[in-house]
Amino acid sequence: MSVIENSKLTVVGAGAVGSSVAYAALIRGSARHVALYDIATEKTEAEVLDLSHGTQFTGSSDIIGGSDISVAAGSHVVVITAGAKQKPGQTRTELAGVNAGILKSMMPQLLEVAPDAVYVIVTNPCDVLTVLAQETTGLPYERIFASGTVLDTSRLRWKLAERAGVSTSSVHAYIVGEHGDTEFPLWSHATIGTVPILDWVPLDGQPTFTPDELDQIAVDVRDAAYKVIQGKGATNYAIGLSSARIVEAVLNDEHAVMPVSTVLDQFQGVSGVALSVPSIVSASGALPIPETTFSEKEAGLFRHSADALRQVADSLR
Ligand SMILES: NC(=O)c1ccc[n+]([C@@H]2O[C@H](COP(=O)([O-])OP(=O)(O)OC[C@H]3O[C@@H](n4cnc5c(N)ncnc54)[C@H](O)[C@@H]3O)[C@@H](O)[C@H]2O)c1
């Protein structure tokens with residue numbers, strides 16, 4: 001595989017998340033062509049117009065869209081954000097039934113017009129929907145995956161960076177597992193530069209991190225979406241950027257390491273469930289990195305995450 005020329009991204013769903021994915025992709029020049037598809041005709045056409053009106057100030061990307069699925073024809077990457085959204089106080093798994101039904105009927109239609117695309121699922125609960133959509137389509141595991149904990153990982157790195165007094169890009173830490181209530185940080189591998197997180201001495205005279213503080217940071221990251229949704233009804237900008245970044249890793253064949261969620265096959269003893277683990281993202285899709293090691297506690301949390309999601313998926317089959 002190599003870098004894709006004249007690359008095409010289709011974003012399915014023109015709501016708060018989908019329009020932000022398209023906006024981020026245009027600004028970042030993630031794909032040469034961007035398409036936006038949604039059943040809400042008027043809303044989609046308005047979003048496409050609004051986005052088009054700004055293209056003088058972006059790169060050479062262009063945008064089309066509408067409520068006919070043919071706008072997705074020939075896509076190299078399809079990012080799916082269509083569905084009902086999380087209401088205040090509602091967990092991601094409560095959304096599962098409705099969104100599973102939407103995906104089940106939409107995937108065959110999408111595959112008909114974009115048979116060779118890599119599919120990235122953002123709609124929640126994204127891990128469970130990935131397993132069900134993989135089963136519906138029979139796509140190879142690597143070609144259909146969820147954005148998973150890429151966003152949560154960015155939230156974690158931002159929080160650690162703020163506290164440590166370094167730039168976000170100098171924090172090396174991952175949230176893994178479910179994108180949701182059972183997710184957890186791989187603290188055993190978290191470093192700032194090369195320094196293990198608990199050994200880091202903040203530059204501004206602040207005390208060093210303690211295990212209790214790290215636990216609290218993990219909870220804050222896990223619950224971050226609830227806080228944003230409480231305040232503004234949706235999370236959109238950060239997931240827009242996270243998704244655009246995943247799209248770039250595919251279209252540029254980057255082999256970038258990202259915590260996306262693919263259906264696992266004997267990863268830490270887990271199979272048949274989609275969970276986020278550090279994975280190599282390239283033009284062929286996403287491949288979990290089998291050499292990733294967990295501490296004993298992390299392995300237990302990972303199995304707990306897998307069991308929780310297996311139950312939800314089973315209830316929807
Ligand atoms: N994975 C993540 O990190 C993450 C982050 C934020 C939001 N989300 C999820 O993204 C999803 C979208 O959130 P939102 O705030 O944009 O919701 P929204 O309600 O603003 O937009 C959803 C859009 O989906 C469209 N839609 C519904 N059924 C459709 C169908 N069959 N075909 C095409 N389009 C259809 C609707 O018309 C609507 O425009 C939700 O499930 C939300 O929980 C995921």
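Note that ligands are numbered from 1 as they come in the structure, with each ligand's atoms numbered from 1 the same way. None of the values given here were measured: they were computed from a predicted structure.
Nearest to atom 40 (C) of ligand 1 by heavy atom, out of Ser20, Ala84, Gly83, is Ala84. For atom 18 (P) of ligand 1, the nearest non-hydrogen atom from the set Ala234, Gly15, Ala82, Ser154 belongs to Gly15.
When Leu110, Val122, Leu129, Val120 are each tested for a side chain to side chain contact (heavy atoms under 4.5 Å, CB included) with Ile80, only one passes: Leu110. His76 pairs in a side chain to side chain contact (heavy atoms under 4.5 Å, CB included) with only one of the listed residues (Arg32, His33, Lys8), which is Lys8.
Atoms of ligand 1 found under 4.0 Å from any heavy atom of Leu151, numbered from 1 in the order shown, are 3 (O). Taking a cut-off of under 4.0 Å to the non-hydrogen atoms of Val17, the atoms of ligand 1 that pass are 6 (C), 7 (C), 10 (O), 13 (O), 14 (P), 15 (O), 16 (O). Annotation for ligand 1: atoms under 4.0 Å from non-hydrogen atoms of Ile102 are 28 (N), 30 (C), 31 (N).
For Asn99, every heavy-atom contact with ligand 1 shorter than 4.0 Å involves the side chain, none the backbone. Only the side chain of Met106 comes within 4.0 Å of ligand 1, counting heavy atoms alone; its backbone N, CA, C and O stay farther away. Within the 4.0 Å heavy-atom criterion, the part of Thr81 lying near ligand 1 is the backbone and not the side chain. When non-hydrogen atoms are compared, ligand 1 lies under 4.0 Å from the backbone of Ile39 as well as from its side chain. By the criterion of a heavy-atom distance under 4.0 Å, the side chain of Ser147, and not its backbone, is placed next to ligand 1.
A salt bridge is absent between Glu162 and Lys159: the closest approach of a Lys/Arg side-chain nitrogen to an acidic carboxylate oxygen does not fall below 4.0 angstrom. Classification of Glu135 and Arg317 as a salt-bridged pair holds, one side-chain N sitting under 4.0 Å from a carboxylate O. A salt bridge is absent between Lys227 and Asp220; no separation between the charged side-chain nitrogens and carboxylate oxygens falls under 4.0 Å.
Within the model, atoms CZ of Phe302 and CZ of Phe294 stand 4.5 Å from one another, a figure rounded to the nearest 0.5 Å. Between Leu111 atom CG and Asp116 atom CG the span is 9.5 Å, to the nearest 0.5 Å.
Ligand 1 has no N or O atom lying under 3.5 Å from any N or O atom of Gly13, backbone or side chain. For ligand 1, the polar-atom distance check against Asp38 finds a nitrogen or oxygen pair separated by under 3.5 Å. Considering backbone and side-chain atoms alike, Asn124 places an N or O below 3.5 Å from some N or O of ligand 1. Remark: ligand 1 and His179 share an N or O pair separated by less than 3.5 Å (distance only, no angle test).
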Quiz item: Could you go step by step and tell me if Glu298 and Ser188 meet the side chain to side chain donor-acceptor pair (under 3.5 Å) rule?
Solution: CA-CA 8 Å; Glu298 290 161 354; Ser188 62; 2.7 Å; yes
Practice problem: Show the numbers, then the answer: is there a side chain to side chain donor-acceptor pair (under 3.5 Å) between Ser305 and Glu178? | Solution: CA-CA 6 Å; Ser305 214; Glu178 177 193 7; 4.6 Å; no
